[in-house]
Novice: 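Have a look at the structure that comes next, please.
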Amino acid sequence: MSGINEDRAMQRIVGLVDEGSFMEVGALVTARSTDFNMDAAKTPSDGVITGYGLVDGNLVFIYSQDAAVLNGTIGEMHAKKISSLYDMAMKMGAPIVGMLDCGGMRLQESVDALDGFGSIYAKLVEASGVIPQICGVFGNCGGGMSVIPALCDFAFVEEEKGRMFVNPPDSIEGNRIEKCDTAAAAFQSENNGCIDFVGGEGEILEQMRMLIDMLPSNCDGDVYTGECDDDLNRVCEGMAQMKGDPRYLISQISDEGVFFETKRDYSKDMVTGLFKLNGMTIGAVANCCELYDLDGNKTDTLEKSLGAKGCTKAADFVRFCDAFSIPVLSIVNSVGLRHCMCSEKSLSKALASMVSAFAGATCGKVSLITGEAFGSAYVTMNSKSIGADFVYAWDGAKVGMMDSGLAAKIMYPDADAKELEAKAEAFDKLQSSVDAAAAHGYIDRVIDPADSRKYLVAAFEMLYTKGIGAPDKKHGTK
């Protein structure tokens, strides 16, 4: 092979896999079409390098598009190589990684290229829930190609050269690229709900290696993906001081402080990601109302309520975890549902999706209430009512219908300030305290925040052998 871009396609693979472990498959494949003066000699590997290698000893299948060959466009043989690689990955039960740098469909091959595109879509859907699918966008990924990152379980975009779009920015009515670059990594990461991480090429490859090391190889794989040298009973001091930012809480609870956040720029009021407890991979779904920097300084405050985007983000992540039998921890700190026109248009559908995901998941499910858990927000965030196996709550947490002051105003509309204060205090004690919820069986244990790690380790250890028979139905409708 020769050429700068050609080298980049292979160098990305080399940067991902363990040294000397990559074995190329289909290196001699070229385009079959000779229409429009196409020359097979000028289409080495038909624009995509395919093969397999090891990542920290784990088998991984990889394809990397080569922009030096007809701009990395997808033709018949290009698509067949990717589809065949998917077949092999599913047979072996190993993750697949796609490195995208594509000029779209190859015009010279017309309907053959279209058919190839469709065959790739079909393989991604077939593999969904069977093997983890990861992709990185290192160049152009436009039009129908943008469906591929959306179908994958995890997507990364290179911050400078990565371009993901359905329509080019200049083709959108009323927009110019100078006004809003809708294909830019930052714009897509914040708005499309598909992208997990934006960074440099080296950072992306490092993040991919970290992710592969945390994931089961397939839907029958083991969630114990590593050893644990961290103290299982380690006390986590200072947890309550930053309870508004679950990123901090999870990193404190996790083995060695490792937390892989997913969709990090999208709907920041809902945090999702993977962490480890005693070497077991756990999925986290958490409400977020505060953001802190690495020095512990608060940088932003978010609404303490559930929004449509956050619920959809949570639902998609829970379904992924359940497909691979990854246990789920929900961290609850929300006072209700979002009040705005945008949410009113889509929140009920998004809430239904999240409820369906939690209630339908048969993996181990634990809920930790760290602050306030009121009304429908409490119910939908993996409560006992919809199937949580264990529910823990911190000392001082609030669980109930709504804030006691608001409840008092509704129940006693004619009361004066003094009476309202007394009624609110009584409501708080009888209906909103964590002790009242525990007395009714909705909370299994009230714990000190510093002891969160040891209780969660014990809960997920017990749930490791959880098994539930298949329900007597084909599937739900939501």
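Fair warning: this is a prediction, and the values are worked out from it, not measured in the lab. We number each residue from 1, following the sequence as shown.
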Novice: Salt bridge between K81 and D46, side-chain N to carboxylate O under 4.0 Å?
Specialist: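 Here K81 does not pair with D46 in a salt bridge, since their nearest N and O are not under 4.0 Å apart.
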
Novice: Using atom types as modelled and distance alone, determine if a side-chain donor or acceptor of N167 lies under 3.5 Å from a backbone N or O of S171.
Specialist: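 Flag not set: sc N167 to bb S171 has no pair under 3.5 Å.
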
Novice: If you define the side chain from C-beta out and look only at heavy atoms, does anything of I96 sit under 4.5 Å from Y52?
Specialist: no

Novice: How long is the gap from CG on N218 to CZ on F324, to the nearest 0.5 Å?
Specialist: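 Atom-to-atom, N218:CG and F324:CZ are 8.0 Å apart.
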
Novice: Among all residues two or more places apart in sequence or in another chain, which pass the salt bridge (Lys or Arg N to Asp or Glu O under 4.0 Å) test with D153?
Specialist: none

Novice: Is R338 paired with D269 through a side-chain N to carboxylate O contact shorter than 4.0 Å?
Specialist: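 Salt bridge present between D269 and R338.
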
Novice: Test ring-ring contact (aromatic ring centres under 6.0 Å, His included) on F117 and Y121 and set out the steps.
Specialist: CA-CA 6 Å; F117 233 85; Y121 291 163; 5.5 Å; yes

Novice: Hey, what do you get for OH (Y464) to CG (N278), rounding to the nearest 0.5 Å?
Specialist: 11.5 Å

Novice: In this structure, are over 12 heavy atoms from other groups packed under 6.0 Å from Q241 atom CD?
Specialist: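 Check fails, neighbour count at 12 or below.
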
Novice: Do you know which two heavy atoms are closest between Q65 and C102, and how far apart they sit?
Specialist: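 Result for this residue pair: OE1-CB, 3.1 Å.
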
Novice: Using a strict 4.0 Å threshold on nitrogen-to-oxygen distance, state whether E126 and K123 make a salt bridge.
Specialist: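 A salt bridge is present here (some side-chain N lies under 4.0 Å from a carboxylate O).
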
Novice: Quick one: do the S353 and R319 side chains pair a donor with an acceptor below 3.5 Å?
Specialist: yes

Novice: Less than 4.0 Å between a side-chain N and a carboxylate O, is that true for D181 and R163?
Specialist: yes

Novice: Look up atom CZ in F358 and atom OG in S385, then write down how far apart they are to the nearest 0.5 Å.
Specialist: 13.0 Å

Novice: Would a distance-only check, ignoring hydrogens and angles, find a side-chain to backbone donor-acceptor pair under 3.5 Å from D322 to T362?
Specialist: yes

Novice: Can D170 and K179 be counted as an ion pair, charged N to O under 4.0 angstrom?
Specialist: no

Novice: Could you grab the distance from atom CG of D112 to atom CD1 of I74, nearest 0.5 Å is fine?
Specialist: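 Interatomic distance, D112 CG to I74 CD1, rounded to 0.5 Å: 13.5 Å.
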
Novice: How close do V332 and S367 get, counting heavy atoms only, and between which atoms?
Specialist: CG2-OG, 3.5 Å

Novice: What distance do F275 atom CZ and L277 atom CG have between them, rounded to the nearest 0.5 Å?
Specialist: 4.5 Å

Novice: Got a sec: does the CD of E227 have more than 12 other heavy atoms crowding it under 6.0 Å?
Specialist: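 No, the 6.0 Å shell around CD holds no more than 12 heavy atoms from other groups.
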
Novice: Looking at K298, K304, K243, R247, which one forms a side chain to side chain donor-acceptor pair (under 3.5 Å) with E290?
Specialist: K298

Novice: Any chance CE of M210 has more than 12 other-residue heavy atoms, nucleotides or ligands included, within less than 6.0 Å?
Specialist: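 Above 12, so yes.
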
Novice: Which pair of non-hydrogen atoms, one from V366 and one from N382, has the smallest distance, and what is that distance?
Specialist: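 Minimum heavy-atom contact is O-ND2, 3.4 Å.
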
Novice: Does any non-hydrogen side-chain atom of F317 lie less than 4.5 Å from one of T262?
Specialist: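 A side-chain contact exists here, since the closest heavy-atom pair is under 4.5 Å.
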
Novice: Indicate, with yes or no, if the rings of F154 and F320 have centres closer together than 6.0 Å.
Specialist: yes

Novice: Less than 3.5 Å apart, any donor N or O on the side chain of N287 or S334 sitting next to an acceptor on the other?
Specialist: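 Checked: N287/S334 side chains show no N/O donor-acceptor pair below 3.5 Å.
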
Novice: Where is the tightest heavy-atom contact between I326 and P216, given as atom of each residue plus distance?
Specialist: CD1-CD, 3.9 Å

Novice: Quick check for you: to the nearest 0.5 Å, what is the distance between M242 atom CE and L249 atom CG?
Specialist: 8.0 Å

Novice: Is any side-chain heavy atom of V285 closer than 4.5 Å to one of L329?
Specialist: no

Novice: In terms of side-chain heavy atoms, does Q188 have a donor or acceptor partner in N192 at a distance below 3.5 Å?
Specialist: yes

Novice: Side-chain donor-acceptor pair under 3.5 Å between Y86 and Q133, yes or no?
Specialist: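 Yes, Q133 and Y86 have a side-chain donor paired with an acceptor closer than 3.5 Å.
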
Novice: Distance alone, cut at 3.5 Å: any donor-acceptor contact between the side chains of T225 and K276?
Specialist: yes

Novice: Assess whether a salt bridge exists between D196 and K263, defined as any Lys/Arg side-chain N lying under 4.0 Å from an Asp/Glu carboxylate O.
Specialist: yes

Novice: For a quick test of reading the model, state the closest non-hydrogen atom pair linking K365 to G387 and the distance between them.
Specialist: CE-O, 3.2 Å

Novice: Is there a side-chain contact between V137 and F156, using heavy atoms and a 4.5 Å cut-off?
Specialist: no

Novice: List the atom of A377, the atom of G336, and the distance in Å for their closest heavy-atom pair.
Specialist: CB-O, 3.6 Å

Novice: Any Lys/Arg nitrogen of R209 or D18 sitting under 4.0 Å from an Asp/Glu carboxylate oxygen of the other?
Specialist: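 Salt bridge flag = yes for D18 with R209.
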
